[in-house]
Engineer: 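Following this message is one structure expressed as structure tokens.
In listed order, ligands and their atoms are each counted from 1.
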Amino acid sequence: MSDKPANPILCAIDLADPAKAKTLVRELKGAVGGIKLGLEFFTANGPRAVRDVAQGLPLFLDLKLHDIPNTVSGAVKAAAALEPTFLTVHCGGGRAMMQAAAEAAKQAARKTRMKLLGVTVLTSLDERDLDSVGQKGPTGEQVKRLALLAKESGLDGIICSPHEVAELRQLVGTDFLLVVPGIRVGSLGHGDQKRVMGPRDAVQAGADYLVIGRPITGSPSPPAAARAMLAEIRKP
Ligand code: C5P
């Protein structure tokens with residue numbers, strides 16, 4: 001938390017169509033701190049489309065890499081060509097994989113080094129799912145175990161739910177990024193997000209960045225929605 005970003009809002013551009021995505025990102029310039037493009041967009045449209053859509057905005061490339069250390073290292077180096085600000089890897093890939101990713105990010109750094117964020121436990125998994133793949137629960141404990149392992153292995157932060165932020169902040173200290181999806185505002189429906197929080201509360205609980213999709217992209221004016229959230233976050 002040492003370097004608080006001027007605008008912590010990263011907008012999830014969950015659109016498969018590159019033309020529509022590009023128009024939306026153009027509208028959002030100046031209203032958000034960055035944009036997130038995920039595996040679906042990357043797989044469908046490739047790295048060139050990612051660069052084209054990002055239009056120079058800080059890019060969160062959400063590829064959730066998970067493979068043997070050598071392969072992840074190569075993928076991190078390849079991703080560096082897109083100069084992302086953030087790139088995700090699965091903490092479940094283990095210490096050596098995360099260390100290899102961190103080393104690759106360092107070696108591939110251009111003007112700045114990308115920040116690597118770990119995915120701990122997917123929120124789609126419950127305790128029974130963890131048990132069925134042989135992972136030790138309860139889920140909250142597994143999240144904490146993987147968060148500490150990510151920090152020890154040289155990652156820059158993790159993705160976590162808004163309701164985990166305060167406890168994780170205590171655990172990992174201030175020099176580790178907590179990036180938080182599951183943000184909802186006012187009268188907006190919760191969609192498929194069950195464990196949600198408002199943007200201001202999430203930042204006050206210790207979030208460094210917020211990943212916000214539909215509350216911005218589904219609004220009649222996406223830039224106005226993003227600016228309203230930023231104003232709420234910054235309110236004295
Ligand atoms: O539209 P919404 O605000 O729910 O979008 C949140 C973004 O964060 C989506 O891109 C979603 O895939 C991602 N995400 C999430 N929950 C997680 C991890 C990632 O919603 N646990």
Engineer: Ignoring angles and geometry beyond distance, decide whether K64 reaches within less than 3.5 Å of ligand 1 through its nitrogen or oxygen atoms.
Structural biologist: no
Engineer: Quick one: list whatever passes salt bridge (charged side-chain N to carboxylate O under 4.0 Å, His left out) with K22, sequence neighbours left out.
Structural biologist: D52
Engineer: Under a 4.0 Å N-O cut-off, is there an ion pair linking R95 with E152?
Structural biologist: yes
Engineer: How would you list all residue pairs meeting ring-ring contact (aromatic ring centres under 6.0 Å, His included) that involve residues 63-82, not counting sequence neighbours?
Structural biologist: H66-H90
Engineer: Can you tell which part of D14 has a heavy atom less than 4.0 Å from ligand 1: side chain, backbone, both or neither?
Structural biologist: side chain
Engineer: Quiz question: by atom type and distance under 3.5 Å, do the side chains of T139 and E127 form a donor-acceptor pair?
Structural biologist: yes
Engineer: With a 4.5 Å limit on heavy-atom distance, are the side chains of V32 and P223 in contact?
Structural biologist: no
Engineer: Are F60 and Y209, when compared by the centres of their aromatic rings, separated by less than 6.0 Å?
Structural biologist: no
Engineer: Heavy-atom contacts with P215 under 4.0 Å: which atoms of ligand 1 show up? List them by number with element.
Structural biologist: 3 (O)
Engineer: What atoms in ligand 1 come closer than 4.0 Å to a heavy atom of V211?
Structural biologist: 7 (C), 8 (O)
Engineer: Near R184, which atoms of ligand 1 are under 4.0 Å from a heavy atom of that residue?
Structural biologist: 1 (O), 2 (P), 3 (O), 4 (O)
Engineer: List every atom of ligand 1 that sits less than 4.0 Å from any heavy atom of R214, numbering the atoms from 1 in the order shown and giving each element.
Structural biologist: 1 (O), 2 (P), 3 (O), 4 (O)
Engineer: Find all atoms of ligand 1 within a distance of less than 4.0 Å from any non-hydrogen atom belonging to G213, and give their numbers and elements.
Structural biologist: 1 (O), 2 (P), 3 (O), 5 (O)
Engineer: For ligand 1, which atoms, with element, lie under 4.0 Å from some heavy atom of A12?
Structural biologist: 7 (C), 10 (O)
